[in-house]
Amino acid sequence: MSGGFSRPMAGHVPVLRLGDMLLVTLQGALHDSMADQLQQDLAETIVGSRIRGVVIDISGVEMIDSFLGRVLAEIAAQTELLAARTVVAGMRPAVAITLVELGLTLPGLRTALTTEAAMELLAQPIVPVRTGGVREESP
Amino acid sequence: MHTGAGVEARLPIRSDMDLVWVRQHVRQAAAKLGFSLVDQTKLVTAASELARNTLVHGGGGRMEASHVTTGGTDGLRLAFSDSGPGIPDLDRALSDGYTSGGGLGMGLGGARRLVHDFAVETAPGAGTTVRVTSWVSRPPRLRGDV
Ligand SMILES: Nc1ncnc2c1ncn2[C@@H]1O[C@H](COP(=O)(O)OP(=O)(O)O)[C@@H](O)[C@H]1O
Ligand SMILES: [Mg+2]
């Protein structure tokens, strides 16, 4: 098992590696450049370390605007293309209410209420959410 | 009623670091004036969209925050201004999904939905100022929302 903190990624965004999963914790004051960097680093880590699932914990995120929303959606899409899956966990109610009013419903983004629930979701066999890009999985 | 202390500010918007300060100030000012958590989040999100537009499309500028009142109700007014290229077609810029490049095109129209009052002053070559105001909802609520 290769658990523990991986090398510092994406400026100050902590990434914890748990076997073939990554737990990314976004919090507080996130700069645009940090979010951009995270997106790039995750793609490389997924391929380089044979990651199958990414959980992004946003319970500490106080707002999602169209920039961060797009970064999350792009991370999810690119993860899918790299034969892995992303689940966004712990969105605050006020953030969800605001996102809908902003007009961003982020289809294609898998969500869970907690990181534990997200981990459980990723441990289940892959259910296709889009045609194409889903790899075959044997139990 | 509140005084303007901790609310009134004039902040530069020159880098993505400045966007962080803008969001932080709007959050604190809105909390100080008594906005609910959801309304604080709406204001901060609108401010983030407008400040990013000032930076990305307007080439940088500033935000001015002020405390306004009407009939005993407190409000927060935010003005984002730049001396960039201006917005040639405002209706198009406000429509969901329109971007002149790089974005999702949800910022301007989305910000308008997230605040109570929204006004844009712009002309080709003469820069852009977007003024938004939201009011603290206290029972009986000003808007029909929950
Ligand atoms: N301050 C500004 N100065 C010049 N153009 C602007 C400004 N704000 C918005 N715009 C124009 O309006 C368009 C729509 O803005 P927005 O909805 O925020 O989408 P996005 O920023 O994702 O492109 C922008 O693409 C840009 O062309
Ligand atoms: Mg924008």
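Protein chains get the first letters and strands the later ones, always in sequence-line order, with residue 1 at the start of each.
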Exercise. Would you find a donor on one side and an acceptor on the other, under 3.5 Å apart, between the side chain of A/Arg110 and the backbone of A/Val88?
Worked result: no
Exercise. Considering only heavy atoms, which portion of A/Ile64 lies under 4.5 Å from any heavy atom of chain B: side chain, backbone, both, or neither?
Worked result: backbone
Exercise. Do B/Glu121 and B/Thr128 have side-chain N/O donor and acceptor atoms under 3.5 Å apart?
Worked result: no
Exercise. Given that the side chain runs from C-beta out, which part of B/Arg112 has a heavy atom under 4.5 Å from chain A: side chain, backbone, both or neither?
Worked result: neither
Exercise. Contact part of B/Ala46 toward chain A, heavy-atom cut-off under 4.5 Å: side chain, backbone, both or neither?
Worked result: neither
Exercise. What residue among B/Val56, B/Val20, B/Asp16, B/Leu55 forms side-chain contact (heavy atoms from CB on, under 4.5 Å) with A/Asp32?
Worked result: B/Asp16
For this session: Evaluate whether atom CG of A/Leu113 has more than 12 neighbouring non-hydrogen atoms of other residues, nucleotides or ligands under 6.0 angstrom away.
Result: no
For this session: With a 4.5 Å cut-off on heavy-atom pairs, point out which of A/Thr98, A/Leu99, A/Val95, A/Leu104 contacts chain B the most.
Result: A/Thr98
For this session: Under 4.5 Å, counting heavy-atom pairs only, tell me which of B/Val38, B/Thr45, B/Asp96 racks up the most with chain A.
Result: B/Thr45
For this session: Could you tell me whether A/Glu101 and B/Arg113 have a side-chain N and a carboxylate O separated by less than 4.0 Å?
Result: no
